[in-house]
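Scroll down for the structure; my scribbles are underneath it.
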2 protein chains.
Amino acid sequence: MVENNELRKAGLKVTLPRVKILQMLDSTEQRHMSAEDVYKALMEAGEDVGLATVYRVLTQFEAAGLVVRHNFDGGHAVFELADSGHHDHMVCVDSGEVIEFFDPEIEKRQKEIVKERGYELVDHNLVLYIRKKK
Amino acid sequence: MVENNELRKAGLKVTLPRVKILQMLDSTEQRHMSAEDVYKALMEAGEDVGLATVYRVLTQFEAAGLVVRHNFDGGHAVFELADSGHHDHMVCVDSGEVIEFFDPEIEKRQKEIVKERGYELVDHNLVLYIRKKK
DNA sequence: ATGAATGCAAAAACTTTGCATGACG
DNA sequence: CGTCATGCAAAGTTTTTGCATTCAT
């Protein structure tokens, strides 16, 4: 089980809910899931995990760097496995579709802007809200 | 009253709560206020406006383009007067200080990235999390 | 065995809504 | 005056928390 090592490395006890949630995030083709999404998916898979636990575990995973939490528009947070490298997101305002992208030029420019003002860049969050061209 | 014209131009009836809320946003030095912030500030100023009305009015103001709603991290939305032009934000993770900036190069690149994929840019949200250089 | 993790239900935080009353044009 | 806006309280959402029970080591 690769998952168990991930958990142990993160200093988290290997429990059934944590393993199941990690597997869920790893196996779903929908890369961005809300706590509710994860909960429902587990229920459908016959796994009996409480919603509160899903929230608690996802928060722990975030603290451990296993997942990234995004606050896109629309009230609820979504979580994404932190396996691939850094990237930003485009969200279609019509379909809700999420597209990942990485643009070296923007990344570079961000660092410059911050540096010009005597700061260092700790993190950033960029979301482009888009619509299919008619 | 400049505010009254703003409201009329936006097609909104000039009512006391709307005027007070607009003035509040205009006069506060804190550029980004949550609905709760606005509500409390009005109460302290002796203005008797319901919290529900603050939410309703801010939502109308957003639809009218008078304010911009931001979903920064942390559960609650903040609103900002749309008087100055568009800009993005840098937030200092140590002090919480918010710095506004505008970078033509990033703006331009965003449009290009989206266009390359057959979409049009509706809106975007960029926040740089920064720290003072040691 | 012992401390941590879970499930449930209750509560908290934020926002929206229904409805009777009151204000704007 | 008619209609739209407001206030209040109640309900909706999303997320967190308290506590008794269960589980991992």
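Per chain, numbering begins at 1; letters A, B, ... match sequence-line order.
- Between the side chain of B:Glu47 and the main chain of B:Val49, no donor-acceptor pair closer than 3.5 Å is present.
- Over its length, the helix from C:dA1-D:dT25 to C:dG25-D:dC1 turns its helix axis by 30°, as judged from the five terminal pairs at each end, rounded to 10°.
- A distance of 9.0 Å separates CG in B:Leu42 from NZ in B:Lys20, rounded to the nearest 0.5 Å.
- The closest side-chain heavy-atom distance from A:Asn71 to B:Asn71 is not below 4.5 Å.
- Going from atom OG1 of B:Thr53 over to atom OH of B:Tyr55 covers 12.5 Å, rounded to the nearest 0.5 Å.
- B:Met90 places none of its side-chain heavy atoms less than 4.5 Å from the side chain of B:Glu100.
- Using a 4.5 Å cut-off on side-chain heavy atoms (C-beta onward), A:Leu128 and A:Val91 make no contact.
- For the residue pair A:Tyr119 / B:Glu97, a side-chain donor-acceptor distance below 3.5 Å is found, with atom types taken as modelled.
- Atom CG in B:Asn4 sits about 13 Å away from atom C1' in C:dG25, given to the nearest Å.
- Partner B:Glu80 forms a side-chain hydrogen bond (donor to acceptor under 3.5 Å, both in side chains) with one of B:His87, B:Arg69, B:Gln30 and no other, that one being B:His87.
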(Q) For nucleotides 3-15 of chain C, give me one character per nucleotide, 5' to 3': B if any protein heavy atom sits under 4.0 Å from the base, S if the only such contacts are to the sugar-phosphate, - if neither. (A) BSSSBBB----SB
